[in-house]
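Worksheet: one structure, shown below.
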Amino acid sequence: VIWANPAAARAMRKTTEKITGARCHQIWYGRNAACPDCAVRTALQTGAASDRIVETRKGRVWTVKAFPVRNDAGEVTGAVEILRDVTEQKRAEEQLEKERDFINTLIQTSPAFYAAVDGKARTLLVNQTLLGAAGYESQDVIGTDFIERFIHPEDRETARRGLSGLIRRKESSLHAA
């Protein structure tokens with residue numbers, strides 16, 4: 001490390017003076033050797049930008065981006081490493097994925113029919129209960145016109161008016177009476 005900004009020093013709970021002259025693998029990971037997938041080493045060797053997502057021993061998650069530095073002759077003479085703490089973002093993404101999986105499980109295992117359509121009545125999602133009752137596979141219906149596929153011809157115009165009304169009112173569901 002030739003130079004580190006104060007934010008980097010605070011993240012490591014060190015002073016910029018203690019960081020300067022040290023190797024990043026020593027500072028961040030307590031390692032005696034470079035990390036096997038070191039973004040800086042990759043940038044130095046390839047002459048191209050490199051990035052990684054790494055997790056520290058303390059459970060923090062960082063994006064590590066390394067950019068080669070070139071001299072006037074175009075030779076790679078060093079690298080700039082930029083780190084960003086993305087721990088909270090990563091945890092939020094993991095929580096969102098868990099919630100999405102839970103909701104999908106509820107939808108897919110529900111004994112009730114469930115379908116999601118866009119404003120043009122294209123099928124976005126159909127649960128297994130509806131697929132089983134109608135005798136379709138998911139790939140047969142996703143992206144197709146839900147009303148044409150699932151609604152009796154005599155009721156299609158009413159269904160289209162109902163969908164249009166939902167869109168105008170910005171509501172999320174149409175319940176059959």
Side-chain angles (χ1 to χ4, degrees), residues 1-110 114-128 138-139 141-143 146 163 166-173:
V1 175
I2 297 170
W3 177 86
N5 67 15
R10 280 192 305 276
M12 292 182 261
R13 293 186 171 92
K14 299 183 186 304
T15 64
T16 54
E17 292 78 19
K18 290 213 178 221
I19 295 169
T20 303
R23 301 269 183 200
C24 59
H25 56 266
Q26 295 167 325
I27 300 167
W28 287 101
Y29 311 109
R31 299 173 58 109
N32 292 326
C35 302
D37 61 346
C38 178
V40 171
R41 186 173 11 170
T42 300
L44 291 169
Q45 290 171 348
T46 65
S50 178
D51 61 80
R52 306 280 189 277
I53 295 180
V54 297
E55 187 169 340
T56 66
R57 294 176 299 189
K58 296 180 181 179
R60 303 300 297 177
V61 181
W62 297 81
T63 58
V64 180
K65 297 184 180 208
F67 302 91
V69 174
R70 298 179 187 277
N71 62 17
D72 292 339
E75 301 165 325
V76 175
T77 59
V80 172
E81 181 179 46
I82 300 172
L83 292 96
R84 181 170 167 242
D85 186 347
V86 294
T87 305
E88 296 308 315
Q89 176 185 340
K90 189 76 169 163
R91 291 202 175 112
E93 288 170 358
E94 289 168 356
Q95 184 62 33
L96 182 60
E97 187 174 338
K98 284 180 187 176
E99 290 172 10
R100 195 178 308 127
D101 290 346
F102 176 71
I103 290 168
N104 190 50
T105 299
L106 289 176
I107 289 169
Q108 290 302 333
T109 60
S110 171
Y114 178 86
V117 298
D118 66 12
K120 294 182 179 177
R122 285 185 302 246
T123 308
L124 304 173
L125 175 72
V126 180
N127 73 348
Q128 291 301 313
S138 181
Q139 67 268 16
V141 299
I142 300 301
F146 180 85
L163 179 59
L166 285 174
I167 293 166
R168 277 194 312 279
R169 293 187 304 276
K170 298 183 179 177
E171 295 177 10
S172 61
S173 65

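Numbering starts at 1 and runs along the sequence shown. Every heavy atom of this structure was used, including side-chain atoms; hydrogens, water molecules and symmetry mates were not.
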**Request:** List the steps, then state whether side chain to side chain contact (heavy atoms under 4.5 Å, CB included) holds for E88 with R60.
**Result:** CA-CA 9 Å; E88 296 308 315; R60 303 300 297 177; 4.0 Å; yes
**Prompt:** What closest approach, in Å, do A4 and I19 show between heavy atoms, and which atom pair accounts for it?
**Reply:** CB-CG2, 3.9 Å
**Asked** Nearest heavy-atom pair of S50 and A43: which atoms, and what distance?
**Response** CB-N, 4.1 Å
**Asked** Between R122 and V117, is any pair of side-chain heavy atoms under 4.5 Å apart?
**Response** no
**Fill in**
Rounded to the nearest 0.5 Å, the OG atom of S138 sits from the CD atom of Q128 at a distance of 7.0 Å
**Asked** Roughly how far, to the nearest 0.5 Å, is CG of N127 from CG of L125?
**Response** 7.5 Å
**Asked** Side chains of R52 and T63: donor-acceptor distance under 3.5 Å anywhere?
**Response** no
**Request:** Any chance you could lay out the side chain to side chain contact (heavy atoms under 4.5 Å, CB included) test for F67 and I82, step after step, and finish with the verdict?
**Result:** CA-CA 8 Å; F67 302 91; I82 300 172; 3.8 Å; yes
**Asked** Is there side-chain contact between V69 and V80, with heavy atoms separated by less than 4.5 Å?
**Response** yes
**Message:** Once salt bridge (Lys or Arg N to Asp or Glu O under 4.0 Å) is applied, what residue pairs with a partner in residues 69-79 remain, sequence neighbours excluded?
**Reply:** none
**Message:** Quick check for you: to the nearest 0.5 Å, what is the distance between L83 atom CG and W62 atom CH2?
**Reply:** 6.5 Å
**Item:** Side chains of Q95 and R100 in contact at under 4.5 Å (non-hydrogen atoms)
**Value:** no
**Message:** What's the separation between atom CD in E97 and atom CD in E93, rounded to the nearest 0.5 Å?
**Reply:** 9.0 Å
**Message:** Check whether T109 reaches the backbone of T105 with its side chain - one donor and one acceptor, N or O, closer than 3.5 Å.
**Reply:** yes
**Request:** Heavy atoms only: give me the nearest R41-A34 pair and the separation to one decimal.
**Result:** NH2-CB, 3.5 Å
**Item:** Results of side chain to side chain contact (heavy atoms under 4.5 Å, CB included) for T15 - residues two or more places apart only
**Value:** E17, K18
**Item:** Option from T77, V40, L44, V76 for which side chain to side chain contact (heavy atoms under 4.5 Å, CB included) with P68 holds
**Value:** V76
**Complete:** Rounding to 0.5 Å, atoms NZ (K65) and CD1 (I53) come to a distance of 9.0 Å
**Fill in**
CG (D118) and CG (L163) are apart, to the nearest 0.5 Å, by 8.0 Å
**Item:** N32, CG: over 12 other non-hydrogen atoms inside 6.0 angstrom
**Value:** no
**Request:** Provide the closest heavy-atom pair for C24 versus E81 in the form atom of the first, atom of the second, distance.
**Result:** CB-OE1, 3.7 Å
